[in-house]
Amino acid sequence: MNKNTTYKESSTTSNFIKNIIEEDIRTNKHNGRIHTRFPPEPNGYLHIGHAKAICLTFGLAEEYKGLCNLRFDDTNPTKEDVEYVESIKEDIHWLGFDWGDRLYYASDYFDILYEYALKLIKDGKAYVCDLSPDEIREYRGTLTKPGKNSPYRSRTVEENLKLFEKMKNGEFDNGACVLRAKIDMTSPNMNMRDPIMYRIIHAEHHRTGDKWCIYPSYDFTHGQCDSIEKITHSLCDLGFEGHRPLYNWFIENLEIFPSRQIEFARLNLSYTVLSKRKLRELVEGNYVSGWDDPRMPTLSGLRRRGYTPESIKDFCERIGMAKAESLVDIALLEHCLREDLNKHAPRVMAVLHPLKIIIDNYPEGKIEELDAVNNPEDSSMGTHKVPFSREIFIEQNDFMENPPKKFWRLSPGKEVRLRYAYFIKCVKVMKDNDGNVVELHCTYDAKTKGGNAPDGRKVKATLHWVSSKHAIDAEVRLYDRLFTVENPLAEQDDFKNYLNPKSLEVLTSCKLEPSLTNAKVGIHYQFERLGYFCMESKDSSNKKLVFNRTVTLRDQWEKIQKAQKQKK
RNA sequence: UGGGGUGUGGUCUAAUGGUAAGACAACAGACUCUGGAUCUGUCUAUCGGGGUUCAACUCCCUGCACCCCAGCCA
């Protein structure tokens with residue numbers, strides 16, 4: 001069996017990057033070695049768009065028995081912070097990937113980069129330019145007009161060497177001059193018009209402290225770091241397509257290991273934004289509670305919301321990998337989540353909008369312990385007990401005094417099943433002075449214990465419930481999509497105008513079945529008939545239980561209702 | 001109007017000259033002690049126009065549309 005066949009068997013869907021890799025393996029490029037890297041800048045939190053890149057780079061390494069490095073791209077001390085380094089590491093681990101002993105920083109290579117710069121200067125391929133930022137922009141030309149050479153372009157090697165030395169030694173102020181590559185000011189590719197290699201920034205770096213006051217630009221850093229680490233396939237987003245000629249130029253002129261840059265389309269997700277800048281705007285403007293607000297598409301937000309790493313990885317696999325820009329339906333993410341949670345989440349009963357029921361013919365003071373299945377998808381998860389008594393809560397919307405067509409739940413005179421308990425029939429509706437239903441009186445059929453009638457009669461609906469005397473109180477936070485429109489950034493005005501005002505609804509008088517006393521952060525529950533929920537990791541306490549709704553269950557009834565409304 | 005990219009059902013992705021496939025969504029039905037899950041079925045696609053070929057999503061020509069590039073950000 002050849003290698004090719006092996007890989008085809010282990011891979012799921014193919015994509016253009018895997019095709020390239022398999023061709024490289026076939027032709028024995030780099031002796032068949034595959035080495036990728038994930039290169040975040042530590043200036044913000046990772047989001048699900050990064051998860052796509054993480055799954056790609058780490059996933060490819062796993063699939064082709066290669067390696068993937070984690071390398072922080074920390075070339076701009078004014079924008080980066082250690083806080084972000086830690087969160088990024090945590091998020092990658094949470095997703096289930098590991099970089100082993102290959103944790104690197106671009107700043108690890110500042111000395112080598114400096115030597116590289118010296119080499120280009122000595123080869124007459126780089127020069128110190130004293131033009132001001134404005135002048136540089138002016139000399140660069142425009143998209144349709146070629147640029148013109150800087151008057152400093154023809155400085156001698158010796159002069160450049162001396163000036164660059166002075167730059168390094170801190171003899172100039174910020175912005176006084178820069179080191180530029182001498183390429184071609186008339187290139188139709190703006191990136192090749194003598195790009196900046198080094199700029200002066202008198203600032204403390206989170207790793208190198210005050211050792212440097214000149215810092216290499218992205219272009220003069222990234223490819224060389226890839227090369228130093230012998231990265232074979234350097235994957236980045238489409239935004240860097242135009243930088244590839246420059247990436248290659250530095251590698252060729254420095255005569256170093258030829259890493260290959262390949263670009264793919266970044267992820268866009270409907271009803272949210274995936275841009276660090278925009279997310280930061282939401283955080284700093286207090287539109288959300290922080291980077292890890294459960295409504296945020298950040299990995300920390302999704303984690304707190306109750307998303308599982310498995311569901312996110314599955315999603316990243318299913319969206320595929322291509323160069324066409326696209327907007328993925330968030331429904332796919334939710335599908336992956338439900339699929340995972342359905343298989344693994346234990347079922348419990350909770351009433352979010354309680355309506356009290358008194359079962360008139362059930363003995364006062366009597367308590368029964370009923371068996372409830374933990375997960376119908378997985379019998380090995382066993383059962384647990386739920387207490388039943390004369391007074392219970394059901395969901396307010398499980399009762400309607402004047403039910404429309406297809407409403408199968410409780411209404412006056414109608415019989416329904418209480419999950420795992422009995423059939424009950426509504427005999428009386430109690431209202432307050434305003435006509436609101438405040439309490440129901442029902443009767444139960446003792447022969448239907450466990451939920452089946454010996455005479456074989458059927459009921460159309462099964463309701464979840466909680467015994468009022470045993471219920472535990474909790475706050476439940478219901479989340480909905482962050483924005484009201486599919487693509488907030490495509491709107492004419494500010495994307496923040498499309499924030500969903502109902503993205504968070506807090507319910508304070510919810511009733512949970514008593515087994516939830518033992519709930520823990522990190523366990524995902526299904527509240528039957530409602531959705532998947534998890535304990536709030538920051539705000540929940542013994543005094544005040546707080547749960548987050550991760551995602552609702554699919555709801556046919558909601559669809560029917562919408563259809564009925566539209567008919568009217 | 002310089003350069004670099006991208007166009008496949010409503011959405012995302014396959015097919016690398018040989019039956020246009022899968023997933024999500026939608027719709028219909030079956031089943032169900034969750035109106036969940038599961039199962040079955042249905043709908044809808046190669047940007048346009050030429051050409052090469054027995055055969056084109058694929059190759060050629062030509063239009064069109066959309067995206068990216070003029071930071072001392074990455």
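Each chain gets a letter, A, B and so on, in the order the sequences are listed, and its residues count up from 1. What's counted below: heavy atoms across the whole structure, side chains too, no hydrogens, waters or symmetry copies.
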Across every strand shown, the nucleotide meeting Watson-Crick or G-U wobble geometry with B:A65 (both distances under 3.5 Å) is B:U6
In numerical order, the residues of residues 262-272 of chain A whose heavy atoms come under 4.0 Å of RNA chain B are none
A:S326 has its side chain closest, among B:C12, B:A74, B:C72, to B:C12
_Pairing donors with acceptors under 3.5 angstrom, does anything connect the side chains of A:D194 and A:Y139?_
no
What nucleic acid atoms does A:L332 come within less than 4.0 Å of, heavy atoms only: base, sugar-phosphate, or nothing? sugar-phosphate
Is it the case that A:E263 and A:Q261 place a side-chain donor and acceptor less than 3.5 Å from each other?
yes
Checking B:G71, B:U34, B:A74 against the side chain of A:R199 (C-beta onward), the nearest is B:A74
Which of A:R457, A:K460, A:K425 passes salt bridge (charged side-chain N to carboxylate O under 4.0 Å, His left out) with A:E415? It is A:R457
- prompt: Quick one: do the A:R419 and A:T462 side chains pair a donor with an acceptor below 3.5 Å?
  reply: no
*Near-parallel close stack of A:Y218 and B:A74 base (under 5.5 Å, under 30°)*: no
Touch class at under 4.0 angstrom, heavy-atom based, for A:P245 against every strand present
nothing
Do we see a donor-acceptor contact under 3.5 Å between the side chains of A:Y45 and A:D91?
no
| said: Distance criterion of 3.5 Å, no angle test: do you see the side chain of A:Q526 paired donor-to-acceptor with the base of B:U34? | reply: yes
Checking B:G2, B:G7, B:U11 against the side chain of A:M190 (C-beta onward), the nearest is B:G2
If you measure only the distance, is there a donor-acceptor pair under 3.5 Å linking the side chains of A:N374 and A:H384?
yes
Taking any heavy-atom pair under 4.0 Å as a contact, classify A:I560: base, sugar-phosphate, or nothing.
base
Closest to the side chain of A:A322, out of B:C69, B:A74, B:U13, is B:U13
Contacts of A:E241 and A:F527 projected onto RNA chain B by closest heavy atom; the upstream (5') one is A:E241
Testing B:A14, B:A37, B:U6 for proximity to the side chain of A:N15, the answer is B:A14
*Provide the distance between the two P atoms, one in B:G41 and one in B:C24, to the nearest whole Å.*
14 Å
Of B:G3, B:C12, B:U34, the nucleotide closest to the side chain of A:P188 is B:G3
If only side-chain N and O atoms count, and only distance matters, is there a donor-acceptor pair under 3.5 Å linking A:S234 with A:R37?
yes
Closest of B:A74, B:U34, B:C27 to the A:K559 side chain is B:C27
Paired to B:U1 by Watson-Crick or G-U wobble criteria (both distances under 3.5 Å) is none
When A:R140 and A:W557 are each assigned the nearest nucleotide of RNA chain B, the 5'-most assignment goes to A:W557
Among B:C12, B:A70, B:A74, the one nearest any side-chain atom of A:V328 is B:C12
Scanning all shown strands, the Watson-Crick or wobble mate of B:C27 with both distances under 3.5 Å is B:G41
B:G71 glycosidic conformation (syn if within 90° of 0, otherwise anti) is syn
Winner on side-chain proximity to A:I196, out of B:G5, B:C72, B:U11, is B:C72
**Request:** Classify the side chain of A:R318 and the base of B:U13 as holding, or not holding, a donor-acceptor pair under 3.5 Å.
**Result:** no
Legend entry - Pair A:H353-A:N397, side-chain donor/acceptor within less than 3.5 Å: no
Closest to the side chain of A:R409, out of B:G35, B:G2, B:A23, is B:G35
